[in-house]
Amino acid sequence: MPDLTDFQEEKDVVRRTYEAIDASTPNTVTAALEATSSPGLTWRGFAPFDEISGVDAVAAEFWAPLKRAMSGLHHRIDILFAGQNHLEAGGVWVASMGHLMGLFDQPWLGISPTGKMAFLRYAAFHRIEGGRIVDEAMYFDVPHLMVQAGCDPFPPNTGAYLVQPGPATHDGLLWAPQPPEEGIKTLRLIEAMIADLGNWDLGLPLEEELRRTWAEDMIWWGPHGIGATFTIPRYAIQHAGPFRAAFAERRPNGHVARLAEGHFGGFFGWPSFRARPKGGFLGMPETETPGEFRVIDIYRRAGDSLAENWIFIDLLHFFRGQGVDLLGRTVGIKGDRSARSV
C-alpha cells in the first residue's frame, strides 16, 4: 500500500460547513458558519466585498444577501483537495471549486433577477486550525453571473463563454487520502510553470514556453471577460498572447497559499501580481497606473503536464483600481461596500 497523506479532519470541516450553509436560511446562516468557523474569521472575497473580519460579518454581508437572492442556493463542488501550504503563511488548507447554484429570484449587487437557475462560479481556500476555519479566500465570478442576467460588462470574450464543467476525468473530489508522491509531482509542475512565467521574459516563442509544462490539448477555463480556450495554439492566440501584449511592468506580489494533493493543486494571491495596462485589455486604454490582479488558479495534472486550469480573476477590482466602476456602470448602482446587501 502506498503512503497516504491524511487531511481527512480538515476536509470534514469544510464538508460540514458547506452542508450547513446549503441547509440554512438567510436568518440561520450565521449559526451555520459559527459551528465550524472561528469567531475572528478572516475572509477575503472579490469586489465589492473585499476583506471582511469576523464570522458574523461574513454571514451578514455576503451569505445572507446571496441566499435571499438565490432561492435554494447550494454548492455544486467539482474539485476538492487539501494540503500543507509550503509558503511562508503555512498551515493546512482545503481548496474547493465549483458553482453556487440557485434560482435567481431577488436582486443581488443590483443585478436584476431572472427567476431562472443561475450559476455563480467560485473557488475557495480554507485554512483549518484546531478544527475550525480561521482564514478563507473565496473568489467568485460576478461578471459571469451578470451575463446570465443579460447585463454583460465587457466586450466580446477572446475565448468562449460557458457555464464551466469540472475536470474531464470526473475525479476532482479527493475526499479520500492520496499518495503523497502524486501531490509532490503536481506541486513541482505548478512551481515549474510559475518559474517559466516569471516576467514574461523566458526568451522562447510563447507556444514553446507553454509546452514545457502544459499538455498540447490543455483547457484553460478563464473568467468571464476572457473566457475559456482549448489547446496550446488557441490559448496562445485567444488569451496568453493578447494578455501579455496588453500589459507591461508585470511584478509578482506573491501567493498566500500554494498546495497540491493527488493530481490537483492551486494557489491564491491577494493580489497575485501587478501590471500596467498598455491598452487593449477588455477595451481599456493605456494608463500609467499599475493594476492589481487577485487570482485563484486550480490545476489538474495529467502525467508530466498540466491538463486543465480554472482561473478566477477579480476583474471588478482591477478596473476599480483604474477608476472604472464596472458593476455600477452596468447595473446602475455604486459598486462598493454599500452594494453588498442590495
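Computed from a predicted model, the values in this text were never measured in an experiment. Hydrogens, waters and symmetry mates play no part in the numbers below; they use all other heavy atoms, side chains included.
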Enquirer: Between the side chains of Arg234 and Thr229, does any donor sit under 3.5 Å from an acceptor?
Expert: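 Their side chains do not contain a donor-acceptor pair, so the 3.5 Å distance test is not met.
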Enquirer: Any link between Leu259 and Trp270 through a network of hydrophobic side chains (Ile, Leu, Val, Met, Phe, Trp, Tyr) touching at under 4.5 Å?
Expert: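 The answer is yes; both residues are in one hydrophobic cluster.
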Enquirer: Grab the two heavy atoms, one from Val94 and one from Ala82, that are nearest each other, plus how far apart they are.
Expert: CG2-CB, 3.9 Å
Enquirer: If two hydrophobic side chains count as joined below 4.5 Å and joins carry through other members, does Leu162 share a cluster with Leu282?
Expert: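 Yes, Leu162 and Leu282 fall within the same hydrophobic cluster.
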Enquirer: In this structure, would Leu66 and Tyr122 fall into the same cluster of hydrophobic residues linked by side-chain contacts under 4.5 Å?
Expert: yes
Enquirer: Count the heavy atoms belonging to other residues, nucleotides or ligands that lie under 6.0 Å from CZ of Arg16, then report whether that count exceeds 12.
Expert: yes
Enquirer: Name the orientation class of the two ring planes belonging to Phe49 and Phe62 (parallel below 30°, tilted from 30 to 60°, perpendicular beyond 60°).
Expert: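 Perpendicular, since the angle between the ring planes exceeds 60°.
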Enquirer: Decide yes or no for Arg320 and Asp50: does some side-chain heavy atom of the first lie under 4.5 Å from some side-chain heavy atom of the second?
Expert: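 They are in contact (side-chain heavy atoms under 4.5 Å apart), so the answer is yes.
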Enquirer: What pairs of residues pass the salt bridge (Lys or Arg N to Asp or Glu O under 4.0 Å) test when at least one of them lies in residues 31-48, not counting sequence neighbours?
Expert: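 Checked against salt bridge (Lys or Arg N to Asp or Glu O under 4.0 Å) - neighbours excluded - the pairs reaching residues 31-48 are Arg44-Asp135.
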Enquirer: Taking Phe268 as the starting point, is it possible to reach Ile77 by hopping between hydrophobic residues whose side chains are less than 4.5 Å apart?
Expert: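 Hydrophobic grouping puts Ile77 with Phe268.
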Enquirer: Below 6.0 angstrom between ring centroids: does that apply to Phe281 and Phe243?
Expert: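 Yes.
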Enquirer: Would you say the rings of His255 and Phe125 are close, in the sense that their centroids are separated by under 6.0 Å?
Expert: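 Not close enough - the centres of the two rings lie 6.0 Å or further apart.
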Enquirer: So, for Phe273 and Phe247, is the gap between ring centers shorter than 6.0 Å?
Expert: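 Not under 6.0 Å, so no.
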Enquirer: Donor-acceptor pair, distance only, cut-off 3.5 Å: does the side chain of Arg276 make one with the backbone of Pro290?
Expert: no
Enquirer: Starting at CD1 of Ile311, measure out to CE of Met97 and round the result to the nearest 0.5 Å.
Expert: 10.0 Å
Enquirer: Given 3.5 Å as the limit, does a donor-acceptor pair link the side chain of Gln178 with the main chain of Ala176, or not?
Expert: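 It does hold such a pair.
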Enquirer: How close do Trp214 and Ser305 get, counting heavy atoms only, and between which atoms?
Expert: C-CB, 3.9 Å
Enquirer: Is atom CD of Glu19 surrounded by more than 12 heavy atoms (other residues, nucleotides or ligands) closer than 6.0 Å?
Expert: yes
Enquirer: Would Arg121 pass as a cation-pi partner of Phe312, given that its NZ or CZ must be under 6.0 Å from the six-membered ring centre and within 45 degrees of the axis?
Expert: yes
Enquirer: So how far is it from Asp304 CG to Leu189 CG, rounded to the nearest 0.5 Å?
Expert: 7.5 Å
Enquirer: Using a 3.5 Å distance criterion without hydrogens, assess whether the side chain of Glu308 forms a donor-acceptor pair with backbone atoms of Ala168.
Expert: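 Yes: the side chain of Glu308 pairs with the backbone of Ala168.
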Enquirer: Is there a side chain to side chain contact (heavy atoms under 4.5 Å, CB included) between Ile298 and Phe81? Walk through the geometry before answering.
Expert: CA-CA 10 Å; Ile298 303 290; Phe81 61 92; 4.2 Å; yes
Enquirer: Is there side-chain contact between Val324 and Met284, with at least one heavy-atom pair below 4.5 Å?
Expert: no
Enquirer: Might you point out which heavy atoms bring Ser112 and Ala149 nearest each other, and give the distance in Å?
Expert: O-CB, 3.6 Å
Enquirer: Looking only at the aromatic ring of each residue, does the gap between the centers of Tyr18 and His74 stay below 6.0 angstrom?
Expert: no
Enquirer: Going through the checks in order, is the side chain to side chain contact (heavy atoms under 4.5 Å, CB included) test met by Arg15 and Leu80?
Expert: CA-CA 10 Å; Arg15 185 208 300 261; Leu80 184 139; over 6 Å; no
Enquirer: Determine yes or no for a side-chain-to-main-chain donor-acceptor pair under 3.5 angstrom, with Glu129 supplying the side chain and Gly91 the backbone.
Expert: no
Enquirer: Are any of the side-chain nitrogens in Arg274 or Glu292 under 4.0 Å away from the carboxylate oxygens of its partner?
Expert: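 Salt bridge flag = yes for Glu292 with Arg274.
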Enquirer: Is it the case that the side chain of Glu207 and the backbone of Ile232 share a donor-acceptor pair, with hydrogens and angles ignored and the cut-off at 3.5 Å?
Expert: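 Not a single qualifying donor-acceptor pair exists.
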Enquirer: Does some side-chain heavy atom of His263 sit less than 4.5 Å from a side-chain heavy atom of Lys185?
Expert: no
Enquirer: Is there a side-chain contact between Asn85 and Arg127, using heavy atoms and a 4.5 Å cut-off?
Expert: no
Enquirer: Do side-chain atoms of Thr186 reach the backbone of Gly262 as a donor and acceptor pair under 3.5 angstrom?
Expert: yes
Enquirer: Contact between Asp105 and Pro113 at the side-chain level, heavy atoms closer than 4.5 Å - yes or no?
Expert: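 They are not in side-chain contact.
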Enquirer: How long is the straight-line distance from CH2 of Trp108 back to CG of Leu120, given to the nearest 0.5 Å?
Expert: 5.0 Å
Enquirer: If you define the side chain from C-beta out and look only at heavy atoms, does anything of Met218 sit under 4.5 Å from Trp220?
Expert: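 SC-SC contact between Met218 and Trp220 confirmed.
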Enquirer: Starting at NE2 of His75, measure out to CD1 of Ile21 and round the result to the nearest 0.5 Å.
Expert: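 CD1 of Ile21 is found 5.0 Å from NE2 of His75.
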Enquirer: Can you name the nearest heavy-atom pair linking Thr289 to Gly321, along with the distance?
Expert: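 Of all heavy-atom pairs spanning Thr289 and Gly321, the closest is CG2-O, 3.9 Å.
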Enquirer: Quick one, Tyr139 with Asp314, criterion side chain to side chain contact (heavy atoms under 4.5 Å, CB included). Give me CA distance, side-chain angles, the key distance, then yes/no.
Expert: CA-CA 8 Å; Tyr139 292 3; Asp314 193 350; over 6 Å; no
Enquirer: Between atom NZ of Lys67 and atom OG1 of Thr28, what is the distance when rounded to the nearest 0.5 Å?
Expert: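 Rounded to the nearest 0.5 Å, the NZ-OG1 separation comes out at 7.5 Å.
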Enquirer: Are any of the side-chain heavy atoms of Leu197 and Arg250 separated by less than 4.5 Å?
Expert: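 Yes, their side chains come closer than 4.5 Å.
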Enquirer: Atom CD1 of Ile296 and atom CG of Asp141: how far apart are they, to the nearest 0.5 Å?
Expert: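 Rounded to the nearest 0.5 Å, the CD1-CG separation comes out at 12.0 Å.
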Enquirer: Test your reading of the model: is there a side-chain donor-acceptor pair from Asn157 to the backbone of Gly159, 3.5 Å cut-off?
Expert: no
Enquirer: Please find out if less than 6.0 Å separates the ring center of Tyr161 from that of His224.
Expert: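 Yes, close enough.
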Enquirer: Are Phe264 and Phe7 joined in one hydrophobic group, where the rule is that I, L, V, M, F, W and Y side chains link up if heavy atoms are under 4.5 Å apart?
Expert: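 Looking at the clustering, Phe7 is in a separate group from Phe264.
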Enquirer: Which atoms form the tightest heavy-atom contact between Val13 and Gly131, and what is the distance?
Expert: CG2-O, 3.5 Å
Enquirer: Counting only N and O atoms by type, is there a donor-acceptor contact under 3.5 Å from the side chain of Arg258 to the main-chain atoms of Glu191?
Expert: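 Not confirmed, Arg258 side chain does not pair with Glu191 backbone.
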Enquirer: Report yes if some heavy atom in the side chain of Met138 is under 4.5 Å from a heavy atom in the side chain of Trp43; otherwise report no.
Expert: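 With C-beta onward as the side chain, the pair touches.
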Enquirer: Test Trp310 against Arg300 for side chain to side chain contact (heavy atoms under 4.5 Å, CB included), laying out the working first.
Expert: CA-CA 9 Å; Trp310 294 262; Arg300 178 176 67 86; 4.2 Å; yes
Enquirer: For residues Ala47 and Leu316, report the shortest heavy-atom separation together with the two atoms involved.
Expert: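 Result for this residue pair: O-CD1, 3.6 Å.
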